[in-house]
Amino acid sequence: MSPSQKPAEIFVPEFDLRQTLESGQIFHAMPTGPGWQVLVDRTPLYVEQQDRVLRVTAGHESLAQNYLSLDHPLESIYAAFPSDPFSRAALQSCRGLRILRQPRWECLATFITSPMKQVAHIRQISLHLRERFGTPVESSLLHAYPTPEQLAGATEQDLRNCGLGFRAKSLLATARTVASQEVDLAALAQWPTGKLRDRLCEFPGVGRKVANCVLLFAYERLDAVPVDVWIARILLAMRRRKSSHLELERYSNRRFGAYAGYVQQYLFHHARMTKSLPAT
DNA sequence: TGCCAGGCCAAAT
DNA sequence: ATTTGGCATGGC
């Protein structure tokens, strides 16, 4: 489809494109005119929103609906949302934010590059890796996220030159494991969450937090709760008891239930945007 | 300048 | 079983 062709229109009852693309799930969305361009694997997708109308690249409507998770039952998720003041404020300010369905390798790899990095810098690393190792995509400024094979051919120094620091060794080792077909990320989708998390944690550079990001963002485990520094501060303020990150994760699962991952994403984005925490 | 960032890991207790 | 220190880099 030519990008100059008239976009297709999709009616969306409950959706916020900007917050969905800028809430630290993906790190490559490029502002383009009134909308954004993203790559879904190797497919360039232009998306813009005007109130309840979404305009997407003609011919890619169903790809867009799937990637943007327009089928997620937000009304049910909101009906089960916690009722404390901070959570209500997060819901009000983030309403319409959706958890994307990300390509699995891209999600795993980008979150291996994420520890002790700010969102803006993860984006910078991600764009560097695409430019340096990824396949160019016709009619797109962006290159595809490098495949495991493309990264497996790099050296640790190549990756350090993209700003990865100590994460270079982990990303390289994981890329080589996946490229060897010793593990099939697609096949893992059938595994139960606990077993899948344990398997993800076997990759170098993947601990519980990164594994939970991958579970939530690439394996549709909407109850998975990544506990980073922001979420830890928020949950500590809510719980008011000295707790490890694992205890906070369990607390979140008990308290927020089957959509705890969704709640977590709203709390994370709201806290970051407003630089605020729950009152204690 | 000094502090912090969507942590992980191995060593020490 | 739980805590601690080291690890690279860039933005504010």
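Letters go in sequence order (proteins before strands), and every chain restarts at 1.
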Output the residues of [range] in contact with DNA chain B, where contact means a heavy atom of the residue under 4.0 Å from an atom of the strand; sort by number or write none.
range                       : result
residues 264-277 of chain A : Gln264(A), Gln265(A), Phe268(A)
residues 211-228 of chain A : Phe217(A), Pro226(A), Asp228(A)
residues 229-263 of chain A : Val229(A), Trp230(A), Ile231(A), Arg233(A)

Quick one: do Phe217(A) and Phe111(A) satisfy ring pair (Phe, Tyr, Trp, His ring centres under 6.0 Å)? Show the steps, please.
-> CA-CA 10 Å; Phe217(A) 298 141; Phe111(A) 279 97; 5.6 Å; yes

With distance as the sole test, does [X] use its side chain to make a donor-acceptor pair with the main-chain N or O of [Y] at under 3.5 Å?
X         : Y         : answer
Thr135(A) : Ala144(A) : no
Arg98(A)  : Leu68(A)  : no
Arg221(A) : Asn212(A) : no
Arg101(A) : Asn66(A)  : yes

For the atom pair [atom1] ([X]) and [atom2] ([Y]), what is the distance rounded to the nearest 0.5 Å?
X         : Y         : atom1 : atom2 : answer
Leu200(A) : Cys213(A) : CG    : SG    : 11.0 Å
Phe81(A)  : Ser83(A)  : CZ    : OG    : 11.0 Å
Arg130(A) : Thr110(A) : CZ    : OG1   : 9.0 Å
His28(A)  : Ile26(A)  : NE2   : CD1   : 4.5 Å
Asp84(A)  : Met238(A) : CG    : CE    : 4.0 Å

Residue Pro115(A), side-chain heavy atoms: nucleotide from dT9(C), dC7(C), dC8(B) that is nearest |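 Given the options dT9(C), dC7(C), dC8(B), the side chain of Pro115(A) is closest to dC8(B).
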
Check every strand shown and say whether Gly24(A) touches a base, only sugar-phosphate, or nothing at a heavy-atom separation below 4.0 Å.
->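 Counting heavy atoms under 4.0 Å across all strands, the contact made by Gly24(A) includes a base.
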
Give one of base, sugar-phosphate or nothing for Thr110(A), where a contact means two heavy atoms less than 4.0 Å apart.
->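 If one applies the 4.0 Å heavy-atom cut-off, Thr110(A) turns out to touch nothing in the nucleic acid.
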
Which comes earlier along DNA chain B counting from the 5' end, the contact point of Ser170(A) or that of Phe111(A), where each point is its nearest nucleotide?
->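 Its nearest nucleotide lies further toward 5', so the answer is Phe111(A).
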
Would you say the side chains of [X] and [Y] form a donor-acceptor pair under 3.5 Å?
X         : Y         : answer
Tyr259(A) : Tyr266(A) : no
Gln25(A)  : Ser23(A)  : yes
Glu48(A)  : Tyr46(A)  : yes

For dC8(B) versus dG11(C), give the span between their P atoms, rounded off to a whole number of Å.
->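 Per the computed distance, 23 Å lies between those P atoms.
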
Using the C1' atom in both, what is the distance from dG6(B) to dT3(C), to the nearest Å?
->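 Their C1' atoms lie roughly 22 Å apart.
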
Is the distance from OP1 or OP2 of dC7(C) to the nearest side-chain N or O of Arg167(A) less than 4.0 Å?
->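 Arg167(A) to dC7(C) OP1/OP2: no side-chain N or O under 4.0 Å.
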
Writing each nucleotide of DNA chain C 5' to 3' as (, ), [, ], | or . by Watson-Crick or G-U pairing under 3.5 Å yields |||||||.||||

Going by heavy atoms in the side chains, are Leu129(A) and Leu164(A) under 4.5 Å from each other?
->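 Yes, close enough: below the 4.5 Å cut-off.
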
Output the residues of residues 118-133 of chain A in contact with DNA chain C, where contact means a heavy atom of the residue under 4.0 Å from an atom of the strand; sort by number or write none.
->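 The answer is Gln118(A), His121(A), Gln124(A).
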
Evaluate the criterion ring pair (Phe, Tyr, Trp, His ring centres under 6.0 Å) for residue pair His270(A) and Phe86(A); output intermediate values, then yes/no.
-> CA-CA 9 Å; His270(A) 177 65; Phe86(A) 191 81; 5.2 Å; yes

Within residues 226-245 of chain A or reaching into it, pairs that qualify as salt bridge (Lys or Arg N to Asp or Glu O under 4.0 Å) - sequence neighbours excluded |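 Every pair satisfying salt bridge (Lys or Arg N to Asp or Glu O under 4.0 Å) with a residue in residues 226-245 of chain A: there are none.
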
